[in-house]
Amino acid sequence: MAPTTTTDSRSGSPTCVARGAPDAAVSFSHVHLYVDAIDDIDTYKNLESQLTEFSSKSINGGDEYQKQTCLDVEKCRELWNSIVRVSTKDSHDSDSGTNNAEADFVPQNRDVVKQLIAGLGFRVTGKRMPGENGIESNTRTVLVTSCDPKGVQVVVTALDSNSAGTGVAKDKYAHFDAGNLKRFYKAHSNRQGIAVLAFTTSSIDTIYSRYQDLHPKLVTPQSMQIYENGTKVLEVYAYYQGEIRKSDADIGTVLRFVEKDTSCTSDDTMPCLLPGLEPVEAIFDPNAQAAYCDHWVSNVVSRTEFLDTLEETLGFTPKVDFNAGVVAAGEAQIESTVTGNDSLLATTETEVALRDQSQVYLPINNALSDVGHVHGFLKEIGQGIQHVASRVKDLPTFVQRGNDYRRITGEGFTFLNIPRSYYGVLMTKHLVNGIPNVGEGIGPNEDVLSSDCAHAVFETCERYGIISSDGAVDLDATRHGILSVLDGKIPARHKQEYDSKKDKVADVILHSRYSNLYSLLRHHLSEESYLKIVRNQILVDVQGEDLLFQIFTSNILQRNVGEEAPFFEFIQRVCSECRETNGCPVAIKPGCGGFGIRNFLTLFLSIEVSKAMLEVSQAKAAGDVDRQTFAQGMVGTFTDQLNESNPILTAISDAMTVEGSLKTQLDLAVSENDDDTVCILQNKLEEASEAKRVGNSKLMGCSKKYKEMMRALRENS
């Protein structure tokens, strides 16, 4: 078998990985959540109806929403309240509405089904409810999907309290039986969670045979089930407790494989192939976007052994490595590898690439330190699914809608806080030397203002609310508003100098809101798009000609503040529109845009910043001054690390972009037997690779520096 090139996590140099088994034909199917409770279908359908009515009265069609920066929240909240009041009166249900104020929103103890419905525009499209249509079950289940039911499918199951003592021993569909939830809760410290990762396959017998032969301890007691319509369902435990083959299975998280009998009559009314679900009619919000599975992430004890298991059973091979020392936040360090199959999809159509779910990626994290999020997750919960990521067509609009609907209805998701310094902040040096690529004649090292005048402008902007103390410019600031303040408030001794440069000053102030992003993307986006990204705290990365937009929700399925819990990720892959020398479009690569080395570190740091900020608020509420001081020091240290890492990550990203382009050119030159060009490109490729190695070395040095700073902070607290 042909070897697959990957990157050695110790040296950063290419190595060859021999593939242990041919790829099993698998695609993403669904994720299965186990939760504390599920409401009646009528409750969910009532919420869906309210949201559909709200959408029809507040916005004229999906295209209209994209023309707006955001909704008028106060005006729309009045409309929402009126719809809820009428609906409640008609249904005589005092609890049919949702919270109506942003201030009321608390992420803990929420119904994830309602969050998906209100926050993302998903709908309940399937169910399995005991007592309905003669169903006997000891659990309650709903299927929630986006407006393309063939895309993301979230199966949510809870114990049915009404079935206790009724004689219902087991569900005839093993995957819906209460024993699964009890086993999962026991293995995961009695926590809710993402319990099952499910795949469709045409190779289920082969997969079953490989697990039986190579990893029999991972085969669950129900193993392979064959149901009346010929559908086969195989369930295996995902991880070992310790050493591969020698230790027992970790009986928490499960991998599920579903194969439909193609000789049976197709039932297109049920999007999910999982037997036992019944279809539910759904009307989707025209402003909602379809979502598709992109990657599913595990936190595990042994990353390499899970990689080996997946290679031996599914033929998955490593695609990307995030090395030790690269992903670090203070003392917290992790390693991560993205593994997966090799999809046969070849298309130049962006819509086809968006909808395709045959390319499976499974990133796997393990902790290298006894502090930090991954370590805490493993210690509190055990091995399991950290988060699941889904693709959408237009992420900024998708997130803007989610934020608007949460503020209006009081239901949905909050998202991870990203420091404004990630996007860009104003500093006095920018008012002196300018910001690169801002307007005519305002490049770096070109005078805008004298140092004294620049400080006066900065202080005036801060005093009158144009910028915060850390230099973050108000996102609603306008050129007219900025100049009106400065024209009237700048100290008299600086007035003449300011007046001569005030248009350039306004350019610098406005551009600083997204200056870091602009250095990456330049004219790829409009100012409106940049501001939408900053306003909704979306992460951006570049790989070659491809872009990657990412955002992460706050924890889901979390009962208490501060507890480790899973979360959702949403992304947009903006794939290259390059053309071959013959003028034909280049085929879209699966996973275009990569997995974001910049964003991976930013996520890791932002999780730690959010935890430290929570620690600050809790210490302040408890009156614990020492603890509050320590936590504030952590916030500052993590934020400083993010700021210092940002230009290093940009340099690494730039080197990787050049490296990718040169590799493409080199392949072409080799195919054309152009030896002179091959020699030139090989030298350039070595230079780009050296630049990347230098960047990685600087990043590891930065990580080491902040590791020592955090250790000193902890020891002196």
Show the nearest heavy-atom pair for residues [X] and [Y], with the distance to one decimal.
X	Y	result
Ile38	Thr141	CD1-CA, 4.2 Å
Ser189	Glu380	OG-O, 2.7 Å
Ile538	Pro396	CD1-CA, 3.4 Å
Asp148	Tyr292	OD2-OH, 2.7 Å
Ser146	Phe122	CB-CE1, 3.6 Å
Thr639	Ser421	CG2-OG, 4.3 Å

Any donor-acceptor pair under 3.5 Å linking the side chain of [X] with the backbone of [Y]?
X	Y	value
Gln153	His30	no
Arg140	Thr157	no
Gln386	Asn299	no
Arg479	Leu510	no
Asp546	Arg573	no
Gln572	Lys393	yes
Asp624	Arg627	yes
Ser617	Leu614	yes
Ser82	Leu79	yes
Gln550	Asp541	no

[X]/[Y] ion pair, N-O < 4.0 Å:
X	Y	result
Lys489	Glu459	no
Asp474	Arg513	no
Glu351	Arg355	yes
Lys45	Asp39	no

Step by step, work out the side-chain contact (heavy atoms from CB on, under 4.5 Å) result for Glu569 and Ile551.
CA-CA 6 Å; Glu569 175 188 359; Ile551 197 165; over 6 Å; no
Check: [Y] and [X] side chains under 4.5 Å, non-hydrogen atoms:
X	Y	result
Thr43	Lys114	yes
Phe570	Val399	no
Tyr44	Ile117	yes
Val84	Gln50	yes
Asp294	Phe28	no
Glu608	Met634	no
Val540	Phe549	yes
Cys461	Val457	yes

Drop me the distance from [X]'s [atom1] to [Y]'s [atom2], to the nearest 0.5 angstrom.
X	Y	atom1	atom2	result
Glu563	Ile381	CD	CD1	8.0 Å
Ile283	Cys147	CD1	SG	14.0 Å
Leu531	Asp476	CG	CG	9.0 Å
Leu71	Ile408	CG	CD1	5.0 Å
Tyr514	Leu521	OH	CG	11.5 Å
Asp404	Ser58	CG	OG	9.5 Å

ring-ring contact (aromatic ring centres under 6.0 Å, His included), paired with His511, selected from Tyr518, Tyr530, Tyr423
Tyr518
Flag yes if more than 12 heavy atoms outside Met613 fall under 6.0 Å of its CE atom; otherwise flag no.
no
With a cut-off of 6.0 Å (strictly less than), are more than 12 heavy atoms of other residues, nucleotides or ligands near CG of Leu475?
yes
Is the [X] ring parallel, tilted or perpendicular to the [Y] ring (thresholds 30°, 60°)?
X	Y	result
Phe567	His373	tilted
Phe568	Phe413	perpendicular
Phe54	Tyr405	perpendicular

Decide side-chain contact (heavy atoms from CB on, under 4.5 Å) for Val534 and Arg420; before the verdict, give the C-alpha distance in whole Å, the side-chain angles of both, and the deciding distance to 0.1 Å.
CA-CA 8 Å; Val534 179; Arg420 277 288 299 275; 3.8 Å; yes
If the condition is side chain to side chain contact (heavy atoms under 4.5 Å, CB included), which residues does Ser468 pass it with, not counting sequence neighbours?
Asp470, Ala472
Would you sort out whether Asp285 and Arg123 count as a side-chain contact (heavy atoms from CB on, under 4.5 Å), showing the intermediate values?
CA-CA 9 Å; Asp285 181 342; Arg123 294 293 184 260; 3.7 Å; yes
Looking at Val508, Val425, Ile509, Val505, which hits side chain to side chain contact (heavy atoms under 4.5 Å, CB included) with His430?
Val508
Is Arg110 close enough and on-axis enough to Phe105, meaning under 6.0 Å and within 45°, for cation-pi?
yes
His188 and Tyr185: aromatic ring centres closer than 6.0 Å?
no
Can Arg535 and Glu528 be said to form a salt bridge (Lys or Arg N to Asp or Glu O under 4.0 Å), step by step?
CA-CA 10 Å; Arg535 193 182 303 276; Glu528 181 183 359; over 6 Å; no
Residues Val473, Ile467; criterion side-chain contact (heavy atoms from CB on, under 4.5 Å); working and verdict:
CA-CA 4 Å; Val473 177; Ile467 64 174; 3.5 Å; yes
